[in-house]
S.K.: 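Structure below; questions to follow.
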There are 2 protein chains.
Amino acid sequence: MRKKKNNELLTEVELEFMNELWALGEGTVRDVLDRLPEDRDLAYTSAATILRILEQKEFVTSRKDGKSHVFKPTLGKDAYQTRSLKDLSMKLFDDAPVSLVARLVNDDELTDEALGTIRALVDRRLKNDTG
Amino acid sequence: MRKKKNNELLTEVELEFMNELWALGEGTVRDVLDRLPEDRDLAYTSAATILRILEQKEFVTSRKDGKSHVFKPTLGKDAYQTRSLKDLSMKLFDDAPVSLVARLVNDDELTDEALGTIRALVDRRLKNDTG
DNA sequence: GAGTAAATACGAAGTTTTTAGTTTTTCAAA
DNA sequence: TTTGAAAAACTAAAAACTTCGTATTTACTC
């Protein structure tokens, strides 16, 4: 074995599925499949495979419910968001989250309203820490 | 052909190499290889292959200099950072960059100093827009 | 020009990811 | 109790990624 691979992060398709499970709370293969866009033609068996892999990677657990399995995330979306941001920050922003935000704030497409919201978030957090 | 694949984003190893090229400005296979960590055992030919792929994907161009090729990014690191954030925001934050920042700001590991820096950035940008 | 050391081009092997077909199991209805 | 439909389990193959070996080319030296 060459190196232990990165099982902390989701692949593209895995993330696609987790997003549906996070929205659903929990669901069967069919439930997830039904939520995918119309033009996303994926065989039932493919969806089942992806959920099985997610279970192997321990991103979901499953329980038997009648005929089918019900899959449920073991990790909250917020926790995974934090994990992803940490990873991106490390790999592309020299491990400095601030420069990540800086890049975002400099993005021309960001509206003033969005900027205002961000400032409010920061202010609230700063107040809570010092007050 | 099943689907057009994503050539906008770098794979893990590709990003590893681009980071070195961004730091160097430009460089040969050997230059990049020399910058990788001690414990990163990679054959010269592997490095050459990765740079060749990066050239195919048009993330770098190369020019001949004496015996060797010198590779140079065609895309700035800042531009790629923006692109990555857009992608992450879309896939994991319901296309709402604000919620990405919110997640970051809520991260306990972020220092007050970092938060202050972020607020300053936002303020500056807001001032420039309205004034 | 021949020798040679370094670099490149090409491509193939090994893995992981993505997709889906086939077989088996399950459960309920006839 | 048999049967039929849906799901699960198993299997596998195509695509993408990572890695590197072999053969060739290049530029320099004698």
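So that the names make sense, note that chain A is the first sequence line, chain B the second, and so on, each numbered from 1.
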S.K.: Is the side chain of B:W22 donor-acceptor paired with the backbone N or O of B:L75 at a distance under 3.5 Å, no angle test?
M.R.: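 Yes, because the side chain of B:W22 sits within donor-acceptor range (under 3.5 Å) of the backbone of B:L75.
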S.K.: Atom CD of A:E55 to atom P of D:dA8: distance rounded to whole Å?
M.R.: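 So the CD-P distance, A:E55 to D:dA8, works out to 11 Å.
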S.K.: Rounded to whole angstroms, how far apart are CZ on A:R63 and C1' on D:dA8?
M.R.: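 Spelled out: CZ on A:R63 to C1' on D:dA8 is 16 Å.
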S.K.: Do NZ/NE/NH1/NH2 and the carboxylate oxygens of B:K86 and B:D95 come within less than 4.0 Å?
M.R.: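 The answer is no: the pair does not qualify as a salt bridge.
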S.K.: With a 4.0 Å cut-off, would you call B:E14 and B:K57 a salt bridge?
M.R.: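 Salt bridge flag = yes for B:K57 with B:E14.
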S.K.: Nearest-nucleotide wise, let me know which of A:H69 and B:R52 is further upstream toward the 5' end of DNA chain D.
M.R.: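 The 5'-side residue here is A:H69.
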S.K.: Without decimals, in angstroms, what is the distance between A:Q56 CD and D:dA9 C1'?
M.R.: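 Interatomic distance, CD of A:Q56 to C1' of D:dA9: 12 Å.
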S.K.: Give every donor-acceptor pair under 3.5 Å between a side-chain atom in residues 63-70 of chain A and any protein atom, sequence neighbours left out.
M.R.:
from  : atom 1 : to    : atom 2 : distance (Å)
A:R63 : NH2    : A:E26 : OE2    : 2.5

S.K.: Check the distance between C:dT15's P and B:E12's CD and give it to me in whole angstrom.
M.R.: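 Distance check: B:E12 CD to C:dT15 P gives 18 Å.
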S.K.: Once you round it to whole Å, what is the distance between C1' of D:dA16 and CD1 of B:I50?
M.R.: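 Result: 14 Å.
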S.K.: Could you tell me whether B:K77 and A:D94 have a side-chain N and a carboxylate O separated by less than 4.0 Å?
M.R.: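 Here B:K77 pairs with A:D94 in a salt bridge, since their nearest N and O are under 4.0 Å apart.
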S.K.: Which residues within residues 27-45 of chain A lie with some heavy atom under 4.0 Å of an atom in DNA chain D?
M.R.: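 Within residues 27-45 of chain A, the residues near DNA chain D are A:V29, A:R30, A:Y44, A:T45.
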S.K.: Is there a donor-acceptor pair under 3.5 Å between the side chain of A:Q81 and the backbone N or O of B:L92?
M.R.: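 Such a contact is found between A:Q81 side chain and B:L92 backbone.
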S.K.: N/O contacts under 3.5 Å, protein versus nucleotides 27-30 of chain D?
M.R.:
from   : atom 1 : to    : atom 2 : distance (Å)
D:dA27 : OP1    : B:G66 : O      : 3.3

S.K.: Run the salt bridge (Lys or Arg N to Asp or Glu O under 4.0 Å) test against B:R119 and tell me which residues pass, sequence neighbours left out.
M.R.: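 Expected list: A:D123.
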S.K.: C:dT18, OP1 or OP2 - any side-chain N/O from A:T11 closer than 4.0 Å?
M.R.: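 Checking C:dT18 against A:T11, a side-chain N or O does come within under 4.0 Å of OP1 or OP2.
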S.K.: Quick test of your reading: applying side chain to side chain donor-acceptor pair (under 3.5 Å), list the pairs with at least one residue in residues 42-51 of chain A, sequence neighbours left out, ordered by first then second residue.
M.R.: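 Side chain to side chain donor-acceptor pair (under 3.5 Å) check on residues 42-51 of chain A returns no pairs.
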S.K.: Can you tell me the distance, in whole Å, between the CD1 atom of A:I53 and the P atom of C:dT18?
M.R.: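 Interatomic distance, CD1 of A:I53 to P of C:dT18: 8 Å.
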S.K.: Does A:R83 have any side-chain hydrogen bond (donor to acceptor under 3.5 Å, both in side chains) partners at least two apart in sequence or in another chain, and if so, which?
M.R.: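 Partners of A:R83 by the side-chain hydrogen bond (donor to acceptor under 3.5 Å, both in side chains) criterion come out as none, since no residue qualifies.
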S.K.: Rounded to whole Å, please give me the gap between CG in A:L54 and P in C:dT19.
M.R.: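 In whole Å, C:dT19 P and A:L54 CG are 13 Å from each other.
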S.K.: Check if the side chain of A:S46 and the base of C:dG21 share a donor-acceptor pair of N or O atoms closer than 3.5 Å.
M.R.: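 By the distance-only test, no, there is no pair.
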S.K.: Send over the distance from B:N7 CG to D:dA16 P, rounded to a whole Å.
M.R.: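 Taking atom P of D:dA16 as the reference, CG of B:N7 is at 9 Å.
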